[in-house]
Amino acid sequence: MSRSVRLVPAAAVALALVLAGTGCAGGVRGTPGGPGLRDPYFPKAGNGGYDVDHYALTLDYTPATHRLTGTAVITARATKDLSAFDLDLAGLHVDSVGVDGRDARYNRAGQELTVRPHDDLRKGSTFRTTVRYSGVPGTLTDPDGSAEGWLPTADGALGLGEPVGSMAWFPGNDHPSDKATYDITVTVPQGLQAVSNGELAGQSSRAGRTTYHWHTAQPMASYLATVAIGHFDITRSKGPGGLPVLTAVDPTQAKASAAVLAKLPEVVKWEEDTFGPYPFSSVGAIIDRPDDAGYALETQNRPVFPGAPELGTLVHELAHQWYGDCVTPKSWRDMWLNEGFATYAQWLWDEDHGGDSAEKTFRYYYDEHDSALWAFPPATPSGAAHISASPVYERGAMVLHKIRQKVGDKAFFAFLRAWPAAHRYGNASTGDFTAYVEHRFPDQDFGEIWKDWLYGEGKPAHP
């Protein structure tokens with residue numbers, strides 16, 4: 001059902017004004033920004049006409065009633081003259097919307113919250129949108145059947161966003177191509193903790209409730225934002241070079257997690273040596289109960305794990321801090337740039353720590369008769385349900401190994417550091433990647449690798 005407030009008496013006329021962009025301020029005649037960025041797998045994700053600079057989210061959650069009350073203050077820059085723009089928000093009730101301190105008309109249609117500011121917005125101008133909302137946030141089902149969005153847990157809740165789950169608990173431009181800084185303030189019943197990305201900037205208690213304020217200074221994609229509410233054992237320590245380390249562990253998982261978490265600083269140091277300086281201002285992990293989520297996720301600064309992780313999984317999710325979080329895909333078609341690199345990080349860790357060499361692991365996968373590995377090329381998943389399938393992970397890692405074979409170890413390991421440095425805090429596509437490789441190694445011909453391994457259908461004839 002579409003809801004609207006502060007519209008002219010005839011709702012159809014008001015909606016026509018929103019879409020036509022007839023308003024004008026100071027000579028500006030804008031047009032609607034448009035819903036969706038035409039992502040090849042999630043065409044409704046994200047919105048046109050603006051780039052977000054900062055999210056200030058103020059949340060209040062009561063696990064007993066599952067009720068969330070939120071205020072989102074979104075600071076953005078118009079990339080065209082705008083008469084209206086969209087935000088992504090699934091479910092929840094919108095109580096009010098304002099732009100630059102003035103009430104704004106709005107309309108709901110599915111996940112689209114269309115906002116009509118009082119005055120049209122000039123291209124290049126910075127504007128601030130305030131959305132007040134409330135209700136019981138929902139858990140969304142991905143095309144592959146996994147759950148994301150707002151996941152109720154035994155003692156609280158867990159917010160996870162890959163690929164489009166963040167819109168279940170805050171409005172925004174929910175696409176990886178639009179990264180922003182964040183302040184996430186969460187109030188919960190006293191005795192519970194609320195853990196999020198970045199650094200804890202403040203904590204206070206009043207009238208039986210505790211408020212936690214988390215600040216993320218480096219740009220972050222919306223799918224990497226998280227909130228974990230519940231009972232946690234929180235440990236603070238120092239990692240390589242004094243890097244702050246914060247881990248939040250459900251007490252039921254503390255004993256099982258102790259050994260792998262003790263190796264976290266060692267993993268970060270090895271990854272810094274391999275991939276370059278750690279890109280963010282803190283690191284750590286959130287470990288919830290195994291039934292709270294069916295997968296680990298590389299949420300920025302501190303990945304989320306469903307129960308005590310294996311060491312290889314910790315290596316994988318921390319490698320994402322470079323490949324996926326610091327350098328983020330431009331679209332969900334580029335998912336292999338996340339998962340191929342993180343999977344290859346596991347191969348390299350094993351190679352450096354007494355396990356199989358990356359070459360042996362590569363040969364193992366090539367010789368395997370698992371048709372799923374060759375079901376589609378890593379650069380073109382066959383659909384939204386398959387962006388996290390084996391070709392994206394293992395075959396993506398095989399592409400990197402083929403590059404290593406081509407250029408040699410010295411040049412390849414220099415490349416592993418150069419790629420995230422060259423695209424630090426930005427976005428990259430598969431086309432950006434291949435162009436970068438060819439520019440960095442102008443004397444090499446990568447045509448066969450791209451044709452057979454990155455874009456080719458089926459199993460390549462030669463390993």
Side-chain angles (χ1 to χ4, degrees), residues 5 52-76 87-104 106 113 115 126-138 149-152 156-161 165-174 178-230 232 248 286 299-302:
V5 298
V52 178
D53 294 323
H54 184 71
Y55 291 93
L57 307 178
T58 303
L59 310 175
D60 190 297
Y61 185 68
T62 301
T65 62
H66 305 293
R67 182 173 175 81
L68 175 71
T69 301
T71 299
V73 180
I74 304 165
T75 303
L87 298 169
D88 297 307
L89 182 65
L92 297 169
H93 179 267
V94 175
D95 301 311
S96 68
V97 180
V99 178
D100 290 336
R102 306 186 71 172
D103 289 345
Y106 64 89
L113 169 60
V115 179
T126 297
F127 62 98
R128 181 172 295 178
T129 304
T130 301
V131 181
R132 292 181 171 85
Y133 58 100
S134 58
V136 176
W150 194 260
L151 285 63
L158 182 61
L160 296 177
S166 70
M167 65 180 177
W169 53 282
F170 69 91
N173 199 18
D174 193 9
D178 192 2
K179 301 167 73 169
T181 56
Y182 282 72
D183 281 279
I184 300 178
T185 302
V186 189
T187 300
V188 294
Q190 196 163 346
L192 297 180
Q193 288 86 34
V195 183
S196 187
N197 312 88
E199 285 71 58
L200 185 64
Q203 178 180 333
S204 62
S205 294
R206 181 176 179 271
R209 300 183 74 79
T210 302
T211 299
Y212 299 85
H213 172 199
W214 295 87
H215 175 67
T216 302
Q218 291 84 28
M220 178 168 70
S222 56
Y223 80 90
L224 298 171
T226 190
V227 170
I229 296 169
F232 294 101
I286 298 170
T299 45
Q300 194 157 302
N301 299 99
R302 51 191 58 88

Pairs where residues 55-74 contributes a residue and the test salt bridge (charged side-chain N to carboxylate O under 4.0 Å, His left out) is met, not counting sequence neighbours: Asp60-Arg209
Sequence neighbours excluded, which residues qualify as side-chain contact (heavy atoms from CB on, under 4.5 Å) partners of Ala76? Tyr50, Val52, Phe127
Looking at residues at least two apart in the chain, or sitting in another chain, which of them share a side chain to side chain donor-acceptor pair (under 3.5 Å) with Thr210? Ser205
side-chain contact (heavy atoms from CB on, under 4.5 Å) partners for Ala201, two or more places apart: His213, His215
Please answer whether the main-chain N or O of Leu224 pairs with a side-chain N or O of Asn197 as donor and acceptor at a distance below 3.5 Å. yes
Return yes if a side-chain donor-acceptor contact under 3.5 Å exists between Ser134 and His93, otherwise no. no
Correct closest heavy-atom pair for Thr226 and Gly159 would be OG1-O, 2.8 Å
For the pair Gln300 (side chain) and Pro219 (backbone), establish whether a donor and an acceptor sit closer than 3.5 Å, ignoring hydrogens and angles. yes
Go through the structure and list residues passing ring-ring contact (aromatic ring centres under 6.0 Å, His included) with Tyr55, not counting sequence neighbours. Phe170, Tyr182
Exercise: identify the closest heavy-atom pair between Tyr133 and Ala72: CE2-N, 4.0 Å
State which residues pass side-chain contact (heavy atoms from CB on, under 4.5 Å) with Arg128; sequence neighbours excluded, sorted by chain then number. Val73, Thr75, Asp100
Reported CZ-to-CG distance for the pair Arg132 and Asp95, which is rounded to 0.5 angstrom: 9.0 Å
Looking at every heavy atom in both Ala225 and Thr299, which two are closest together, and how far apart are they? O-CG2, 4.4 Å
Compare every heavy atom of Gly198 with every heavy atom of Asn301, then report the nearest pair and how far apart it is. OD1-N, 3.0 Å
May I ask you to test the Trp150-His66 pair for a side-chain heavy-atom distance under 4.5 Å? no
Report the distance from atom CD1 of Ile286 to atom CG of Leu158, rounding to the nearest 0.5 Å. 7.5 Å
Residue among Thr126, Thr216, Thr181 satisfying side chain to side chain donor-acceptor pair (under 3.5 Å) with His54: Thr181
Residue list, side chain to side chain donor-acceptor pair (under 3.5 Å) with Thr69, at least two apart or on another chain: none
With a 4.5 Å heavy-atom cut-off, do Val186 and Ile229 have their side chains touching? yes
For Ser196, check side-chain contact (heavy atoms from CB on, under 4.5 Å) against everything at least two apart and list the hits. Ile184, Trp214, Val227
With sequence neighbours left out, the residues meeting side chain to side chain donor-acceptor pair (under 3.5 Å) with Thr129 are none
How many angstroms lie between OH in Tyr223 and CE in Met167, if you round to the nearest 0.5 Å? 16.0 Å
State, with a plain yes or no, whether a side-chain heavy atom of Pro189 is found less than 4.5 Å away from one of Pro63. yes
With sequence neighbours excluded, give me every side-chain hydrogen bond (donor to acceptor under 3.5 Å, both in side chains) pair touching residues 185-195. Thr187-Thr211
Working to the nearest 0.5 Å, report the span between OH of Tyr106 and CG of Leu89. 11.0 Å
Ala168 versus Gly149, closest heavy-atom pair with distance: CB-CA, 3.8 Å
Using the salt bridge (Lys or Arg N to Asp or Glu O under 4.0 Å) criterion, which residues pair with Arg102? Sequence neighbours excluded. Asp119
Tightest non-hydrogen contact, residues Val131 and Leu113, listed as CG1-CD2, 4.2 Å
Donor-acceptor side-chain pairing of Ser222 and Asp174 below 3.5 angstrom: yes
Residues 180-203 vs salt bridge (charged side-chain N to carboxylate O under 4.0 Å, His left out), sequence neighbours excluded, gives none
